[in-house]
Amino acid sequence: MCLAIPMQVVSVDGPRAVVEQGGARRAISTSLLDDVTIGEYVLVHAGYAIARVDEEEARRTLELVEQLAQPPASSEDGSRDDARGGP
């Protein structure tokens, strides 16, 4: 499964930028987008910024990713209640 993560741009140096999410920073390429600026949110996939997103969309996406990372809850009878579905 491939997943692009919204990250906030903290510095830009030509076609490269440093982005941050949850205290983790990484250097990425911005060569697929024009005029990336400090403070905006971009979707990062495989080391590339592939799209811009607004702050609200970034927040909602990160909340969904966090929910998916949580283990399924167990019900009172001990069975797992996996409301996320999927394979």
Side-chain angles (χ1 to χ4, degrees):
M1 177 171 86
C2 298
L3 187 63
I5 301 294
M7 301 184 84
Q8 188 172 28
V9 177
V10 295
S11 69
V12 177
D13 182 17
R16 307 280 305 162
V18 173
V19 291
E20 180 178 80
Q21 169 50 43
R25 290 184 175 203
R26 71 179 299 182
I28 64 165
S29 172
T30 60
S31 61
L32 300 176
L33 299 176
D34 292 330
D35 303 323
V36 172
T37 59
I38 294 172
E40 72 179 331
Y41 286 84
V42 293
L43 286 179
V44 177
H45 176 69
Y48 286 86
I50 60 172
R52 289 181 169 84
V53 293
D54 65 33
E55 185 173 352
E56 177 62 23
E57 182 177 350
R59 184 189 59 75
R60 286 193 318 258
T61 301
L62 291 169
E63 286 174 359
L64 289 172
V65 170
E66 187 171 315
Q67 289 174 7
L68 290 172
Q70 298 299 314
S74 296
S75 64
E76 289 182 23
D77 66 0
S79 65
R80 297 185 120 181
D81 180 21
D82 189 357
R84 295 179 297 176

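These numbers come from a predicted model, not from an experiment.
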(request) Look at the side chain of Q8 and the backbone N and O of G39, then say whether any donor-acceptor pair between them is shorter than 3.5 Å. (result)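 Present.
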(request) Would you give the length of the straight line joining atom OH of Y41 to atom CG of L62, rounded to the nearest 0.5 angstrom? (result)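 The OH atom of Y41 sits 8.0 Å away from the CG atom of L62.
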(message) Test of understanding: clusters of I, L, V, M, F, W, Y form through side-chain heavy atoms closer than 4.5 Å, transitively. Do V18 and Y48 belong to the same one?
(response)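 No, no single cluster joins them.
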(request) Give, for atom CG of L43 and atom CD1 of I50, the distance between the pair rounded to the nearest 0.5 Å. (result) 5.5 Å
(message) Tell me if a side-chain donor or acceptor on S29 pairs with a main-chain N or O of R16 at a distance below 3.5 Å.
(response)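 No, because the side chain of S29 does not come within donor-acceptor range (under 3.5 Å) of the backbone of R16.
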(request) Report the C-alpha distance between I38 and V12 in whole Å, list the side-chain angles of each, state the deciding distance to 0.1 Å, and finish with yes or no for side chain to side chain contact (heavy atoms under 4.5 Å, CB included). (result) CA-CA 7 Å; I38 294 172; V12 177; 4.2 Å; yes
(message) Are M7 and V65 connected into the same hydrophobic cluster when the rule is that any two of I, L, V, M, F, W, Y join if their side-chain heavy atoms are below 4.5 Å apart?
(response)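 Yes, V65 connects to M7 through the hydrophobic network.
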(request) Would you name the heavy atoms of L3 and H45 that are closest together and state the gap between them? (result) O-ND1, 3.5 Å
(message) Walk me through whether R59 and E55 qualify under salt bridge (charged side-chain N to carboxylate O under 4.0 Å, His left out).
(response) CA-CA 6 Å; R59 184 189 59 75; E55 185 173 352; over 6 Å; no
(request) Over all heavy atoms of both residues, which pair between D35 and E40 is shortest? Give the atoms and the distance, please. (result)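 Reported closest heavy-atom pair: O-OE2, 3.8 Å.
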(request) Might you point out which heavy atoms bring V42 and I28 nearest each other, and give the distance in Å? (result) CG2-CD1, 4.3 Å
(request) First locate atom OG1 of T61, then atom CD of E56, and finally report the distance between them rounded to the nearest 0.5 Å. (result) 9.5 Å
(request) Count the heavy atoms belonging to other residues, nucleotides or ligands that lie under 6.0 Å from CD of E66, then report whether that count exceeds 12. (result) no
(message) Would a single hydrophobic cluster contain both V53 and L32, if residues Ile, Leu, Val, Met, Phe, Trp and Tyr are joined by side-chain heavy-atom contacts under 4.5 Å?
(response) yes
(request) Starting at OG1 of T30, measure out to CZ of R52 and round the result to the nearest 0.5 Å. (result) 9.0 Å
